[in-house]
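Order of the sequence lines fixes the chain letters, A, B, ..., with proteins taken first and strands second; residue numbering starts at 1 for each chain.
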Protein chains: 2
Amino acid sequence: MGVIETTKVRARRAPEAPVDLPIGRILPGDCVEAMRRLPDASVDLVFADPPYNLQLGGDLNRPDGSHVDAVTDHWDQFSSFKAYDDFTRAWLTEARRVLKPDGALWVIGSYHNIFRVGAILQDLGFWILNDVVWRKTNPMPNFKGTRFTNAHETLIWASMGEKSRYQFNYRAMKTLNDELQMRSDWVIPICSGAERLKENGTKAHPTQKPEALLYRVLLATTEKGDVVLDPFFGTGTTGAVAKRLGREWIGCEREEFYRGVATKRIEKELPLDESALTTMQSARAAPKVAFGAVVEAGLIPPGTQVFDKKRRWVATVRADGSLVHEKATGSIHGLGKDLQGAPSCNGWSFWHFERGGKVEPIDAARQDWLLANED
Amino acid sequence: MGVIETTKVRARRAPEAPVDLPIGRILPGDCVEAMRRLPDASVDLVFADPPYNLQLGGDLNRPDGSHVDAVTDHWDQFSSFKAYDDFTRAWLTEARRVLKPDGALWVIGSYHNIFRVGAILQDLGFWILNDVVWRKTNPMPNFKGTRFTNAHETLIWASMGEKSRYQFNYRAMKTLNDELQMRSDWVIPICSGAERLKENGTKAHPTQKPEALLYRVLLATTEKGDVVLDPFFGTGTTGAVAKRLGREWIGCEREEFYRGVATKRIEKELPLDESALTTMQSARAAPKVAFGAVVEAGLIPPGTQVFDKKRRWVATVRADGSLVHEKATGSIHGLGKDLQGAPSCNGWSFWHFERGGKVEPIDAARQDWLLANED
DNA sequence: AGCTTCCGTGAATCACCCA
DNA sequence: CTGGGTGATTCACGGAAGC
């Protein structure tokens with residue numbers, strides 16, 4: 001009753017000592033400097049939408065803050081790649097330090113920068129879990145007809161390392177995708193209409209991301225109460241969606257103007273209530289039930305005949321929850337595995353029994369046990 | 001009148017001196033060594049499907065217990081990112097040397113390798129024109145429910161430099177995409193069924209690419225007679241499609257087994273005949289052929305009655321190539337659009353006429369015109 | 001013949017707890 | 001850190017087999 005279902009694939013991270021974090025605040029100044037003031041291993045997720053500005057002549061700054069001139073010829077091109085790489089390595093390094101061992105990173109970019117970002121984050125030890133394509137339903141056409149319509153951007157989702165136990169709300173994603181596994185290509189419209197923030201009639205930020213994108217990212221890879229850090233906060237899409245979904249957030253943003261826009265925006269945002277936040281639960285996240293407990297409770301009494309769906313094998317339930325089939329014995333899983341000669345077997349779905357004239361998987365009895373034993 | 005419209009975005013490359021190239025041959029051995037024997041600036045396009053450097057753990061089984069046949073071949077094994085980067089830099093450097101100044105490069109990869117490949121090719125001076133996402137209609141699911149279904153691969157299309165005049169057949173792509181600009185995400189099934197090459201009942205190559213992918217690449221960025229080099233030839237998909245489309249090809253392949261499979265395969269491949277190729281050329285030139293030229297040539301004389309397939313509307317052809325229906329007039333496209341109240345209309349397929357007792361779309365007359373006006 | 005069902009398979013970085 | 005036990009987990013398509 002009243003338990004918020006979480007959707008964790010992995011076991012909860014070990015409880016951490018409380019740390020002092022600027023939750024719900026936008027830190028001014030350069031994001032590398034700002035992140036340096038945060039403690040080690042303190043945030044659950046970093047979502048970053050760094051400047052793409054290679055070859056665009058925009059404002060590209062070296063880590064020391066000096067400005068890189070717009071470039072066209074080859075030598076400068078190289079110098080600009082170098083500067084961009086240094087910048088990327090600097091903020092990714094800080095992000096890595098600030099992330100918990102089981103935390104994760106999302107970065108979004110286009111072909112101008114995403115290959116460099118991806119290679120550098122691999123070099124730093126991040127372990128790529130997926131690259132995700134944001135497929136835009138309404139991209140800007142290629143007016144000159146010289147290339148393919150640039151109709152997507154790329155996100156990289158990475159854990160801290162190969163062995164780290166990242167959060168993935170598999171069931172929530174499957175539910176969101178009409179009971180099919182969520183794929184690595186997401187069809188989402190660009191941000192426009194009422195969602196697009198305006199100041200004095202013009203768009204407040206040139207690259208405002210759609211809230212649907214952040215919604216999916218946060219729903220998929222965080223749980224309620226997790227701390228999300230966005231080093232390139234802009235107009236605060238990450239903060240707004242985090243607040244709505246009951247996640248904590250921290251932003252970094254250099255430009256005072258954007259900080260103002262974001263603050264106003266997030267103030268207006270209302271968290272969803274508890275019931276709306278409840279998501280579908282993965283079977284993996286459910287408490288484990290021993291088959292013996294189900295037998296002990298009398299839901300499947302000792303002596304019951306259980307069998308696979310095609311009735312190739314019939315086994316008898318013993319008092320301790322083990323099964324016997326001819327001379328073979330074992331747990332519901334182990335015996336199912338051995339009989340089939342399979343590498344593994346989920347006994348709950350493999351074995352069936354008759355109850356009230358109907359054939360049901362023994363998992364039905366487990367569900368009954370769970371219902372009866374709620375706290 | 002009567003000028004054949006080509007679809008090149010850029011001016012034609014300057015005529016080159018003939019060079020001695022192993023056209024239509026598969027070079028054995030390491031591709032870097034093999035490419036070293038090719039002259040500078042001699043090929044128009046490089047298409048490369050390098051090893052992805054997958055780093056797989058143990059065995060993987062499906063929920064039904066069956067085993068997943070993973071790519072564990074020795075050619076995909078690298079000891080470190082450094083080793084993979086060195087390998088990548090080596091083959092890209094040779095590819096760059098062999099490419100003409102206005103040539104272009106395609107590389108396909110997954111998140112395991114594509115970020116490293118992309119960053120290195122940028123470092124070498126290649127200029128990325130698009131990243132293209134191959135969205136698989138039927139990818140393998142994520143059996144354990146631990147990530148998003150990895151449902152796409154990424155291609156990078158790059159020219160030799162920012163100023164180089166690459167080939168892009170905009171019109172052909174727009175036609176292929178139902179009169180919409182071709183986007184950077186391509187929906188194509190994985191290679192299976194009859195197209196999937198088998199030897200002794202098992203797949204000949206673990207990573208055979210679909211011909212539709214190569215078809216689109218070659219149709220978009222080469223013209224008839226261009227030389228296409230594939231340094232990782234495998235079972236020769238590039239060669240087969242190149243031959244079909246009237247492009248010249250050169251392959252490199254280390255494994256004798258694959259060379260044998262590819263040779264047999266390409267021998268069986270028949271080039272599309274002139275008329276089919278012409279059809280394609282005309283298709284891409286579609287709107288550029290004035291209906292007036294077809295009328296002027298007498299293929300559809302002024303006064304001819306044209307009508308839509310269901311004969312809801314009948315119009316009369318005027319001498320200048322415009323159409324009249326009651327009081328409405330316009331081009332074949334404009335009038336068709338207006339009568340239907342549609343946002344757009346391809347008049348070539350909308351309007352029909354009678355010829356020799358048969359009803360044909362007026363596009364048939366355009367095909368005849370193109371055949372008669374070939375150079 | 002035609003329809004349905006079953007089965008195989010594809011570039012995959014594919015579990016986690018506890019002793 | 002390793003090993004062993006429990007138990008969670010799949011989509012589209014083509015071809016064969018069954019009806």
Seminar exercise, completed: Contact string for nucleotides 2-7 of chain C, one letter per nucleotide 5' to 3', B = base within protein heavy-atom range under 4.0 Å, S = sugar-phosphate only, - = neither, reads ------
Problem set entry | Letter per nucleotide, 5' to 3', of nucleotides 6-14 of chain D [B base touched, S only sugar-phosphate touched, - untouched; heavy atoms, 4.0 Å] | SBBBBBSSS
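In this structure, CG on L213(B) lies 5.0 Å from CD1 on I188(B), to the nearest 0.5 angstrom. Taken from CZ in R196(B) to OG in S192(B), the straight-line distance is 8.0 Å, to the nearest 0.5 Å. The line from CD of E269(B) to CD of E211(B) is 6.0 Å long, rounded to the nearest 0.5 Å.
Nucleotide dG10(C) holds its P atom 11 Å from the CD atom of Q208(B), rounded to whole Å. Rounding to whole angstrom units, CZ of residue R135(B) and P of dA11(C) are separated by 18 Å. Atom C1' of nucleotide dT13(C) and atom CD of Q122(A) are separated by 10 Å, given to the nearest angstrom. Rounded to an integer number of Å, the gap from CG of L155(B) to C1' of dA11(C) is 13 Å. Taking atom CG of D73(B) as the reference point, atom C1' of dA11(C) lies 10 Å away to the nearest angstrom. Going from atom OH of Y52(B) over to atom P of dT13(C) covers 12 Å, rounded to whole Å. Across the protein-nucleic acid pair, D59(B) atom CG and dT13(C) atom C1' stand 14 Å apart, rounded to whole Å. Taking atom CZ of residue F168(A) and atom P of nucleotide dC14(C), one finds them 14 Å apart after rounding to whole Å.
With hydrogens and angles ignored, no donor-acceptor pair under 3.5 angstrom links the side chain of K163(A) to the base of dA15(C).
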Between protein and nucleic acid, restricted to nucleotides 17-19 of chain D and to nitrogen or oxygen atoms under 3.5 Å apart, what atom pairs and distances do you find?
none

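Contact check on D86(B) versus K82(B) returns a salt bridge, with a Lys/Arg side-chain nitrogen under 4.0 Å from an Asp/Glu carboxylate oxygen. Salt bridge present: E179(A) and R171(A) bring a charged side-chain N and a carboxylate O closer than 4.0 Å.
Qualifying side-chain contact (heavy atoms from CB on, under 4.5 Å) partners for V187(A), counting only residues two or more places apart in sequence or in other chains: R135(A), T137(A), R135(B). Considering only residues two or more places apart in sequence or on other chains, K203(B) meets the salt bridge (Lys or Arg N to Asp or Glu O under 4.0 Å) condition with D69(B).
A side-chain N or O of D131(A) and one of H152(B) form a donor-acceptor pair less than 3.5 Å apart. A side-chain donor-acceptor contact under 3.5 Å links S110(B) and H112(B). Between the side chains of W106(B) and T221(B), at least one donor N or O sits under 3.5 Å from an acceptor N or O. Side-chain contact check for R265(B) and T237(B): at least one donor-acceptor pair (N or O, by modelled atom type) lies under 3.5 Å. A side-chain donor-acceptor contact under 3.5 Å links Q367(A) and D363(A).
Ring geometry, W157(A) versus F168(A): the interplanar angle falls from 30° to 60°, so the pair is classed tilted.
Using atom C1' as the reference point in both dT10(D) and dG10(C), the two lie 12 Å apart (nearest Å). Nucleotides dC14(C) and dG7(D) are separated by 15 Å at their C1' atoms, to the nearest Å. For the P atoms, the distance linking dA16(D) with dA1(C) amounts to 15 Å, nearest Å.
Among the protein residues, P210(B) comes within range of no part of the nucleic acid, since none of its heavy atoms lies under 4.0 Å from any strand. Counting any heavy atom pair closer than 4.0 Å across all strands shown, D49(B) reaches a base atom.
Put simply, the side chain of V71(B) reaches to within 4.5 Å of the side chain of T207(B), judged on heavy atoms. The shortest distance between side-chain heavy atoms of R62(B) and V68(B) falls below 4.5 Å.
Annotation: of the two residues near DNA chain C, L54(B) and E162(A), the 5′-most nearest-nucleotide partner is L54(B).
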For this session: Give the dot-bracket string for DNA chain C, reading 5' to 3', where a pair is Watson-Crick or G-U wobble with both distances under 3.5 Å, ( ) marks pairs inside the strand, [ ] marks pairs crossing earlier ones, | marks a partner on another strand, and . marks unpaired.
Result: .|||||||||....|||||
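Between R147(B) and the phosphate of dA15(C), there is no side-chain N or O to OP1/OP2 separation shorter than 4.0 Å. K203(B) has a side-chain polar atom (N or O) that falls below the 4.0 Å cut-off from OP1 or OP2 of dG10(C).
Base orientation of dT13(C): syn, the glycosidic angle falling within 90° of 0.
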